[in-house]
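Here is the structure we will look at.
To find a chain, count down the sequence lines: A is the first, B the second, and so on, and within it residues start at 1.
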Protein chains: 2
Amino acid sequence: MTQISASSENPAERRSKTRIQKENETRILLAALEVFSENGFRGATLDRIAATAKMSKPNLLYYFKNKEEIHVALLTDLLDVWLAPLREISPHGEPADEIGSYIRRKLESSRQFPRESRLFANEMLAGAPHIGDFLQSELKQLVDEKAAIFQGWIDEGRLAPCDPRHLLFAIWSTTQHYADFSVQVRHVLGLQPGDVSYYEEAVSMLETLFLGRLVPPASTD
Amino acid sequence: MTQISASSENPAERRSKTRIQKENETRILLAALEVFSENGFRGATLDRIAATAKMSKPNLLYYFKNKEEIHVALLTDLLDVWLAPLREISPHGEPADEIGSYIRRKLESSRQFPRESRLFANEMLAGAPHIGDFLQSELKQLVDEKAAIFQGWIDEGRLAPCDPRHLLFAIWSTTQHYADFSVQVRHVLGLQPGDVSYYEEAVSMLETLFLGRLVPPASTD
DNA sequence: AAGAGATTTGACCAAACGGTAAAAATGATA
DNA sequence: TATCATTTTTACCGTTTGGTCAAATCTCTT
């Protein structure tokens, strides 16, 4: 009798994953992240991903049925990483604390996951063909929610009057810039390719910028 | 990949250009801007550029000898546009005026040339293979020069203490974000594809952010 | 109107591309 | 160790890609 296995054709979707399966999927996704984040979806090739993963192309396609499936897998993982820092913003904290720690979380995310950030940036530049729905629904909803918190603080005079959603844009852009444009940052600062020492200066700059006086002096009533 | 340089084989570089030549080069560069800015260098294809320019591929290659030459032509034009707003910063004006008008110039540039901005962003994400030299020499030099102006203002107490070069990074990222991530901006704000009405809110936000209190109240002595 | 030069096109090429089929090799298990 | 499922490889396919070539057409000048 033949063993009944999970319905899907792809080994990645069987009941339980083999050791080899887990290892290889990790290797592939890591290699794909490298290639997609540098060249975008269209600019990436399966040959390059396979070469980076030190694996033959057919073997790679044994684990993911096509190029797009790899890309989708990466983006799916990415979106959680992307949203996590935003989710943590609480209406109960002090505006300066909440915004300050959000900036630090985003900067830390940029430093730890620069390729993920560039993958996201590439998807945006291409017009978000794969995650347009996510932007319109999940992200928009979360932004509206957090913007309401900011608006509350503004109404209470604890935050300078501004458009909360544009404040978020400003935080996103300044923090992600250090991952997405790291080449430019390094060249302008005269640093070596691998050097990411500028992140400390970045924290300082962004705290000055966003907290220096954007948030009025705390009034403990 | 080769850095920007001028070569000498195609009709584009003969003594004087024909009417047809000028027209077609413009058409090609416009089409190429569209395609390169969306998909990056590797993701763009000559077929798509030719189709967008409503021209046969061999005809396109009659004007530019290969894919790279088109890309280089675009980048060369771009760099002037990119630097122009920065060049205008003067040591003689008031910090608030200079920074404020720089932000407005950069935002205006984002609104007028979003594809150029995305072209630049794509080149950065790919690791700046074509304009690495520019970043290290011309841009770095100009940044150092303008950073010195900022530092002067800081020393005089006319600008909050901060790293001037990171202040520039913050201005670049926030302003370019509206071109590079316009899809995200529109989706989050719930706007239609073509709508760029958010630029007015952007000016307001960024002036609040950078001038609200980053620059101390003017002391007219 | 004719000739010369500029422009355009269709036919083509080799390499790279995304992907498939089937056999061979390996691993797990009894 | 025999067996069976899993994994890997070899050989391949059709399409797309960057680019060439020579012939055909068009444009401008005289």
Side-chain angles (χ1 to χ4, degrees), chain A residues 1-29 31-32 35-36 38-74 129-130, chain B residues 1-2 7-29 31-32 35-36 38-74 129-130:
Chain A
M1 280 194 212
T2 41
Q3 190 88 11
I4 292 178
S5 65
S7 53
S8 272
E9 303 131 38
N10 191 320
E13 296 166 30
R14 269 189 301 260
R15 296 292 147 108
S16 64
K17 289 182 184 176
T18 315
R19 169 186 55 85
I20 297 177
Q21 231 172 91
K22 280 185 275 187
E23 282 174 14
N24 284 345
E25 280 174 22
T26 305
R27 261 170 63 200
I28 292 170
L29 289 176
V35 177
F36 280 128
E38 226 175 75
N39 306 109
F41 181 74
R42 282 190 57 92
T45 72
L46 290 179
D47 286 290
R48 281 189 57 154
I49 295 172
T52 304
K54 282 163 186 164
M55 192 178 289
S56 69
K57 186 167 59 174
N59 198 18
L60 185 152
L61 286 164
Y62 172 69
Y63 292 99
F64 293 89
K65 80 164 188 281
N66 55 34
K67 186 181 173 183
E68 196 157 356
E69 200 176 80
I70 305 176
H71 195 237
V72 166
L74 281 177
H130 295 101
Chain B
M1 303 223 192
T2 45
S7 52
S8 57
E9 301 252 329
N10 67 44
E13 293 162 35
R14 270 189 302 260
R15 297 295 148 102
S16 64
K17 290 182 183 176
T18 314
R19 171 184 56 87
I20 297 178
Q21 233 171 88
K22 280 186 274 186
E23 281 175 15
N24 283 346
E25 280 174 23
T26 305
R27 261 169 66 199
I28 293 169
L29 289 177
V35 177
F36 280 128
E38 226 174 75
N39 307 108
F41 181 74
R42 283 189 57 93
T45 71
L46 289 179
D47 286 289
R48 279 190 56 160
I49 296 172
T52 305
K54 282 164 186 161
M55 192 179 289
S56 70
K57 188 167 55 171
N59 198 18
L60 186 153
L61 286 164
Y62 172 69
Y63 292 99
F64 294 89
K65 80 164 189 282
N66 56 33
K67 186 182 174 183
E68 195 157 354
E69 200 175 81
I70 305 176
H71 195 235
V72 166
L74 281 176
H130 293 100

Margin query: Classify the ring geometry of F41(A) against H71(A): parallel below 30°, tilted from 30° to 60°, perpendicular beyond 60°.
Written below: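 Ring orientation, 0 to 90° scale: tilted.
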
Minimum-distance nucleotide to [X] side chain [options: [options]]:
X: Y63(A); options: dT17(D), dT7(D), dG18(C); result: dT7(D)
X: P58(B); options: dG18(D), dT7(C), dT20(D); result: dT20(D)
X: N59(B); options: dT8(C), dA21(C), dG18(D); result: dT8(C)

Send over the distance from [X] [atom1] to [N] [atom2], rounded to a whole Å.
X: D47(A); N: dG18(C); atom1: CG; atom2: P; answer: 6 Å
X: Y62(A); N: dT26(C); atom1: OH; atom2: P; answer: 16 Å
X: N39(B); N: dT17(D); atom1: CG; atom2: C1'; answer: 14 Å
X: R42(A); N: dT17(D); atom1: CZ; atom2: P; answer: 6 Å
X: M55(A); N: dT10(D); atom1: CE; atom2: C1'; answer: 17 Å
X: N24(B); N: dT8(C); atom1: CG; atom2: C1'; answer: 10 Å

Check: Stepwise, does the side chain to side chain contact (heavy atoms under 4.5 Å, CB included) test hold for F36(A) with I70(A)?
Finding: CA-CA 10 Å; F36(A) 280 128; I70(A) 305 176; 4.0 Å; yes

Checking all strands, does [X] fall into the base, sugar-phosphate, or nothing category for heavy-atom contacts under 4.0 angstrom?
X: A50(B); result: nothing
X: R19(A); result: sugar-phosphate
X: L46(A); result: sugar-phosphate

Notebook entry, point to check: Does some side-chain heavy atom of R42(A) sit less than 4.5 Å from a side-chain heavy atom of T45(B)?
Noted result: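 SC-SC contact between T45(B) and R42(A) confirmed.
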
Notebook entry, point to check: Any N or O donor-acceptor pair linking the side chain of K65(A) to the base of dG19(C) at under 3.5 Å?
Noted result: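 Between dG19(C) and K65(A), which were checked side chain against base, a qualifying N/O pair under 3.5 Å is absent.
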
Check: Do the side chain of K67(B) and the base of dG19(D) come within less than 3.5 angstrom through a donor-acceptor pair of N or O atoms?
Finding: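 No, no donor-acceptor pair under 3.5 Å.
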
Item checked: First encountered from the 5' end of DNA chain D, between I20(B) and A44(B) ->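 Of the two residues, A44(B) wins.
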
Check: More 5' along DNA chain C: T45(A) or L61(A), using each one's nearest nucleotide?
Finding: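 So the residue in question is T45(A).
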
Note to self: Distance check, rounded to the nearest 0.5 Å: R27(A) atom CZ versus I49(A) atom CD1?
What the structure shows: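 If we round to the nearest 0.5 Å, R27(A):CZ and I49(A):CD1 are 13.5 Å apart.
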
Check: Does the pair E23(A)/R19(A) count as a salt bridge with the N-to-O cut at 4.0 Å?
Finding: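 Salt bridge between E23(A) and R19(A), a charged N being under 4.0 Å from a carboxylate O: yes.
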
